[in-house]
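Down below is the structure, laid out as structure tokens.
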Amino acid sequence: MCGIVGYTGTQRASQVLLEGLKTLEYRGYDSAGLAVLHQGKITVEKVSGRIANLCEKTHDGLSVEGCTGIGHTRWATHGAPTDVNAHPHLSNDGRFAVVHNGIIENYAALREELRAKGYTFRSETDTEVVVHLIEMYYQGDLKKAVIKTVARLEGSYALGIVCTDHPNTLFAVKEASPLILGIGAGENFFASDVTALIAHTKNAVYLDDGELAELTGEEVRIYDCTGREIQKPVSRITWGMEAAEKGGYEHFMLKEIMEQPAAVKAALSPRLKDDEIVLDDFELSGEYLSRVNKILITACGSAYYAGCAGRYAIEKLCRIPTEAVLASELRYCDPIVDEHTLLIVLSQSGETADTIAAMKECKRRGARTLAIVNVVGSTIAKLADNTLYTWAGPEIAVATTKGYTTQVAVLYLFALYTARKLGRLDGEEWTGYLREMRMMPRKLQETLDLSHPAERIAKKYRDARSLFFIGRNTDYAVAQEGALKMKEISYLHAEAYAAGELKHGTIALIVEGQPVIAVCCCDELSEKTMNNIIEVKTRGAKVAAIAKPGNRAILSQADDVLFIADTPSVFSPLLSVVPLQLLAYYTAKENGRDIDKPRNLAKSVTVE
Ligand code: G6P
């Protein structure tokens, strides 16, 4: 949600900003704009809709002169996605321009205060209060004015600021929204994430909450919230441009689906050492783990469903009561959490607002926190007591695929590690499971190869009014993710049900031709799910089943079968999700949807 870029150097800023904004498109947005300093003036251009409109309006940036500027993609929260509400916002005197990612929670009170002092508001946004506050506090020292301004703000914000009195200077400040500085040669940058930086530099500085940065082409200065200068380490970005490009695939989503064997390998192999599992730079002792009486997994969206899948593995292998709870629910449910609770936080972006809030709430109550996150240096990674990165590489498509599978893979590692530390796994069972983990990347590839009928099956379903996804146990967890993928990108109504619940209502909806996707990869329960398949078939449903290669009986029951590679039931979600991803992908493609940027959705949901 909302993307920010800033540039100062010797190039035409508008062009660098437009290119940067394009790389942030995937975060989700509905308007875009930029502000560039030139000859003591700020030029602002902003439009509703796509960045292409902004390119058209500015003749690909050529009509905007100047080498220092800020850009923004806005995902509307306060005020409709109109040209006027798009960022940047200008101060009344035209000396300051601001872009903002986040929400100013106390904006209404600030707006009243500023109005009473004579400031005029042009937009309906929460952001506009920021630029008027800066104008109000400015007495020749912008750093001081920004510090005074942010002291008045409640909520979350990454802000980019330019001022006509500082012609070659960018200011940036961060609180609970992502902001990364890019350090170049004779030019410097900031952006909401590294995808906007890698075309220019691999050197990054990750700002922490409360920090302020002042950038010119020649130098970058960073201050704490009191204005005292501080030193921060420069980190190397380890992946290159090709990781953020489509590489010959029609969509990022398809590319990312195909990348899953490599992504899961990157997540698993550095942690599989000889006969042991190692957790990066930390250890959870057997003594500590034996004191854990409850594991809570919290997340939003697909990350929550990854938690639902991983939960079964943790309970089965570790015998610790484990529950997956939606972060938006957990944060307000007065959770029963104490120092014997281990909270596992799952997030691809590491910036999801509800997940952060749920995490803070559980921390406050004494829980230890383990984050499983993809984006290095993100808020959740920093907040957690311990972090395991998923190493999936950049995920650009809004609907997650490799983000999900790498989260599931790391949860399996955690389950095995914990079970081993608790003395619950040894001998042949232990080495068998380790072997299975090592083979997962290859099995994912095999499953991708087996999934080609998904394209044909999608043609059958393209006109469906609704699809049901059913399964039991781990298959139910995967059915939930499959239904979500279908909804997100094909816009078809899709619902997941625990197969055993069908008779308690849902079966009333089964009529001639109703598509049902049955996940049937859980050995112990496949007979039961197959009975459910018969029940819905009897009532006219068209069934596509996801099954293991040994299950030949299913061929005579389902209309279509998508086989996965063989694996123990407890690990099967890692594989069975793949045909469901492809089914959603091809159904969306059949219907001509904007697959990588589905309507109304954002990649990184940084507001509640
Ligand atoms: C959004 C994305 C989903 C993602 C969810 C949680 O809804 O579109 O793909 O699963 O946020 O995001 P996170 O970054 O916390 O995993």
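Small disclaimer: the values here were computed from a predicted structure and weren't measured. Numbering of ligands and ligand atoms starts at 1, following listing order. The first residue in the sequence is number 1, and the count goes up from there.
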Counting only heavy atoms, which portion of [X] has something under 4.0 Å from ligand 1: side chain, backbone, both, or neither?
{"X": "V398", "value": "both"}
{"X": "K603", "value": "backbone"}
{"X": "A602", "value": "backbone"}

Keeping E501 on the side-chain end and A498 on the backbone end, is there a donor-acceptor pair under 3.5 Å?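 Not confirmed, E501 side chain does not pair with A498 backbone.
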Taking only heavy atoms of [X], which atoms of ligand 1 are found under 4.0 Å from at least one of them?
{"X": "A303", "result": "10 (O), 16 (O)"}
{"X": "T400", "result": "9 (O), 10 (O)"}
{"X": "S347", "result": "13 (P), 14 (O), 15 (O), 16 (O)"}

Can A299 be said to touch ligand 1, with heavy atoms closer than 4.0 Å? no
Among all protein heavy atoms in this structure, tell me which lies nearest to [atom], with the distance rounded to 0.1 Å.
{"atom": "atom 12 (O) of ligand 1", "answer": "T352 OG1, 3.4 Å"}
{"atom": "atom 16 (O) of ligand 1", "answer": "Q348 N, 2.7 Å"}
{"atom": "atom 7 (O) of ligand 1", "answer": "V605 CG2, 3.9 Å"}
{"atom": "atom 10 (O) of ligand 1", "answer": "S302 N, 3.0 Å"}
{"atom": "atom 6 (C) of ligand 1", "answer": "C300 O, 3.3 Å"}

Is any NZ, NE, NH1 or NH2 atom of the basic residue among D354 and R331 found under 4.0 Å from an Asp or Glu carboxylate oxygen of the other?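 Yes, charged N to carboxylate O under 4.0 Å.
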Going by ring-ring contact (aromatic ring centres under 6.0 Å, His included), name the pairs with one or both residues in residues 576-608, residues two or more places apart or in two chains. H251-Y585
Ring centre gap for Y497 and F468 strictly below 6.0 Å: yes
Would you check if there is a donor-acceptor pair between the side chains of T125 and N85 at a distance under 3.5 Å? no
Side chains of T390 and N374: do they bring a donor and an acceptor to under 3.5 Å? yes
Take the angle between the ring planes of H87 and H72 and call it parallel below 30°, perpendicular above 60°, tilted in between. parallel
What pairs with E323 under salt bridge (charged side-chain N to carboxylate O under 4.0 Å, His left out), at least two apart in sequence or on another chain? none
